[in-house]
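Atom set for the values below is all heavy atoms of this structure, side chains included, hydrogens, waters and symmetry mates excluded. The sequence lines fix the lettering, A, B, ..., with proteins before strands; numbering per chain opens at 1.
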Amino acid sequence: MSGSIQPSRPARQLEFTRRPGPDAGRPIALAALFFYHAGTMLDLKFIKDNLDAVRRNIENRFMKADPELVVRLSDERSAAIQALDEKRRRRNEVAALMKGKLDEPARAALIAEGKSLKDDISALESRAETVEKELADAMSRIPNMAHPEAPVGKEDKDNLEVKRVGTPTKFDFEPRDHVALGALLDVLDFDAGTKVTGTKFYFLKNEGVILEMALMRFAMDRLMAKGFMPFSTPDLAKTEILEGIGFNPRGAESNIYALAEEDLCLIGTAEITLGGYYAGQVLDKADLPLKLVGVSHCFRREAGAAGQFSKGLYRVHQFTKAEMFVYCLPEDSGKLHEELRLIEEEIFTALDIPFRVVDTCTGDLGAPAYRKWDLEAWMPGRNGGEWGEVTSTSNCTDFQSRRLNVRYKDDDGKNKFVHGLNGTVLACSRAIVAILENFQEADGSVRMPKALVPYTGFELIRPKAKR
RNA sequence: GGAGUGGUGUCCGAGCGGUUUAAGGAGGCGGUCUUGAAAACCGUUGUACCGAAAGGUACCGGGGGUUCGAAUCCCCCCUGCUCCGCCA
């Protein structure tokens with residue numbers, strides 16, 4: 001016996017590092033299920049038939065991908081499979097012949113041919129597998145097509161403002177930023193976060209904790225009332241799922257933390273886990289649209305983001321978020337995308353936070369999105385008052401369902417890919433920035449938005465005396 | 001984490017080297033019969049890929065191996081259940 005609180009065995013290291021080597025220890029099962037069988041035909045057919053449009057789309061998004069390579073590898077793949085199938089057909093034929101009575105020379109000849117076929121098949125299989133992998137890799141780099149009306153541009157400043165709700169908050173005093181307010185109210189501690197975990201980590205304290213819980217419950221109540229099924233998801237997911245949703249878990253530019261010794265990554269959003277929930281399934285058409293809302297922690301490396309907006313809660317390595325996810329019939333995704341945006345608008349309207357809506361430009365869409373709306377809240381403490389992204393909703397059409405192999409059985413009896421959409425309900429970090437900065441008073445006190453009071457149980461957070 | 005025991009088509013469930021091109025049920029679909037229905041009987045019944053088509057190939061949890069030939073034998077892994085250990 002020991003009164004020690006030490007663990008009986010060493011805790012597994014959960015290092016925030018990238019994976020040690022390419023594909024280290026990665027099981028192939030899911031990859032086989034999702035990629036090598038997943039509807040490559042439609043995809044390929046589209047790329048072949050619309051090569052120019054595909055190439056132009058890649059340029060508009062300022063991405064690197066090679067559709068010609070996809071076409072070439074696709075042809076190679078077909079040839080390899082044809083050769084392989086023919087050998088296998090003959091092998092089966094030879095094996096069938098062996099079932100009957102045979103004289104010794106005929107028998108020996110068949111065995112010899114069978115042996116030779118076995119070698120041929122083995123060689124052809126490895127060639128086909130190589131081509132298949134190269135093709136899957138080349139295809140995975142091709143981004144989704146963009147909505148024809150999405151503004152063409154490179155960076156977020158090319159996004160198009162389409163709507164404004166409320167007016168930027170005015171103060172008859174010099175407003176503080178949320179970092180100063182967080183310290184004054186003792187609801188936010190970045191120094192301790194840095195000491196214990198690292199830069200861009202933080203502790204919520206006191207009313208800050210309750211505010212986060214209130215925001216989540218507020219979000220869930222509203223979404224459940226709209227028929228969304230609530231989830232609390234894992235905070236980690238397998239690499240295959242990440243890739244299926246369209247994230248690149250590896251590479252220096254990756255925004256994803258990968259565990260050093262397992263095929264797992266910390267999720268950057270519950271979009272990953274909610275989208276993965278139905279991976280590999282054929283959904284009942286009558287159940288569509290499936291509307292999910294999930295709470296999770298979100299982890300982002302934000303490598304190289306140590307610039308001007310790096311201070312405070314705006315860009316952090318971990319935050320809590322409620323996220324919507326929808327799988328629907330292809331013909332309904334446009335309508336549902338509007339619905340998700342309206343929900344996001346409703347949430348921020350209910351919180352009395354001024355915001356605008358932007359139509360995200362092609363360069364800022366990310367590979368999976370066909371179209372994306374961002375909500376930008378007014379943040380009085382940001383550079384003396386600026387719009388800052390608080391939520392985002394994307395229509396990813398069949399980009400994710402194709403990779404995750406999520407389908408529905410249509411009336412014609414064929415299995416077809418569903419469309420997938422996602423949208424932020426509330427990201428706690430940025431919502432808290434907006435609330436602290438917009439609802440501050442001259443002495444640094446912060447009022448709670450009326451809609452939130454039933455959830456927080458308090459109306460005002462007052463400055464704390466220094467201890 | 002340890003031990004035992006399973007993972008077969010939409011479902012249940014046989015098969016344990018070539019008579020299985022996966023038996024037999026159930027369900028679904030189509031048909032016969034019937035005033036209608038039930039019953040009975042007959043037929044049909046998945047997914048993916050290659051191919052202009054005819055047709056072919058693959059799939060019995062996943063991967064690899066043995067063999068002329070594997071659902072069937074061997075190895076590894078995943079996963080369900082039962083028990084033990086540990087733990088919130």
Atom C1', compared across B/rA48 and B/rC12: separation rounded to whole Å = 25 Å
message = Please give the distance between the P atoms of B/rG69 and B/rU19 as a whole number of Å.
response = 15 Å
task = Could you list by number each residue of residues 115-127 of chain A showing a heavy-atom separation from RNA chain B of less than 4.0 Å, or answer none if no residue does?
result = A/K115, A/K118
note = Taking B/rC50, B/rU47, B/rC68 as options, the one with an atom nearest any side-chain atom of A/S78 is B/rC50
message = Please classify the nucleic acid contact of A/I81 as base, sugar-phosphate, or nothing, using heavy-atom distances under 4.0 Å.
response = sugar-phosphate
remark   = In whole angstroms, the gap separating C1' of B/rG62 from NZ of A/K238 amounts to 11 Å
remark   = Under the rule of Watson-Crick or G-U wobble with both distances under 3.5 Å, where | means paired to another strand and [ ] a crossing pair, RNA chain B maps to ((((((((.[[[..)..(.....]]]((((((.......))))))(((((....))))).[[[[[..)....]]]]])))))))....
inquiry  = So that I can tick it off, tell me whether A/D221 and A/R217 are bridged by a salt bridge, with the cut-off set at under 4.0 angstrom between side-chain N and carboxylate O.
reply    = yes
request  = Please state the P separation for the pair B/rC60 and B/rU21 - nearest whole angstrom.
outcome  = 14 Å
task = Round to a whole Å and report the spacing from CD of A/E93 to C1' of B/rG69.
result = 14 Å
request  = Provide the distance between the two P atoms, one in B/rC33 and one in B/rA38, to the nearest whole Å.
outcome  = 15 Å
query = Taking atom types as modelled, is there a side-chain donor on A/N405 or A/R403 under 3.5 Å from an acceptor on the other?
reply = no
NZ/NE/NH1/NH2 to OD/OE distance under 4.0 Å, A/R88 and A/E125 = yes
task = State plainly whether the residues A/D52 and A/R56 are in salt-bridge range, i.e. N to O under 4.0 Å.
result = no
request  = Find the distance A/N92:CG to B/rA22:P and express it as a whole number of Å.
outcome  = 12 Å
inquiry  = Give me each pair satisfying salt bridge (charged side-chain N to carboxylate O under 4.0 Å, His left out) with a member in residues 59-70 of chain A, each pair once, sequence neighbours excluded.
reply    = A/R55-A/E68
remark   = Between A/K414 and A/L110, the residue closer to the 5' end of RNA chain B by nearest nucleotide is A/K414
query = Using the C1' atom in both, what is the distance from B/rG55 to B/rC41, to the nearest Å?
reply = 34 Å
inquiry  = Please determine whether a side-chain nitrogen or oxygen atom of A/K409 lies at a distance below 4.0 Å from atom OP1 or OP2 of B/rU10.
reply    = no
request  = Would you mind telling me which of B/rG69, B/rG56, B/rU47 lies closest to the side-chain atoms of A/R407?
outcome  = B/rU47
remark   = Atom CD of A/E132 and atom P of B/rA58 are separated, to the nearest Å, by 16 Å
Under 3.5 Å: donor-acceptor pair, side chain of A/D398, backbone of A/S401 = no
inquiry  = Output the rounded distance in Å from CZ (A/R88) to C1' (B/rU57).
reply    = 6 Å
request  = Please determine, for the side chain of A/R89, which listed nucleotide (B/rA48, B/rG56, B/rC49) has the closest atom?
outcome  = B/rG56
C1'-based separation of B/rG9 from B/rC73 [nearest Å] = 24 Å
request  = Could you measure between the two C1' atoms, the one in B/rA14 and the one in B/rA22, and give it in whole Å?
outcome  = 10 Å
query = Got a salt bridge between A/K335 and A/E339, using NZ or NE/NH1/NH2 to carboxylate O under 4.0 Å?
reply = no
ask   = B/rA58 and B/rA40: how far apart are their C1' atoms, nearest whole angstrom?
value = 39 Å
key: Worked verdict on A/D284 versus A/K409 for salt bridge (charged side-chain N to carboxylate O under 4.0 Å, His left out)   = CA-CA 7 Å; A/D284 192 334; A/K409 192 175 283 295; over 6 Å; no
query = Counting distance only, does the side-chain N/O of A/S394 pair as donor-acceptor with the main-chain N or O of A/C396 below 3.5 Å?
reply = no
ask   = Could you state the NZ-P distance from A/K133 to B/rG63, rounded to the nearest angstrom?
value = 12 Å
Closest to the A/R91 side chain, choosing from B/rG69, B/rC49, B/rG18 = B/rG69
request  = Could you state the atom-to-atom distance from CZ of A/R90 to C1' of B/rU57 in whole Å?
outcome  = 16 Å
query = Charged N to carboxylate O under 4.0 angstrom, A/D120 versus A/K87?
reply = yes
Options B/rA58, B/rC49, B/rG69, nucleotide nearest the side-chain atoms of A/R77 = B/rC49
task = Determine, for A/E302 against A/R300, whether the closest basic-nitrogen to carboxylate-oxygen distance falls under 4.0 angstrom.
result = no
note = Which of B/rU57, B/rG69, B/rG51 is nearest the side chain of A/Q82? It is B/rG51
task = Check the distance between B/rA70's P and A/M98's CE and give it to me in whole angstrom.
result = 12 Å
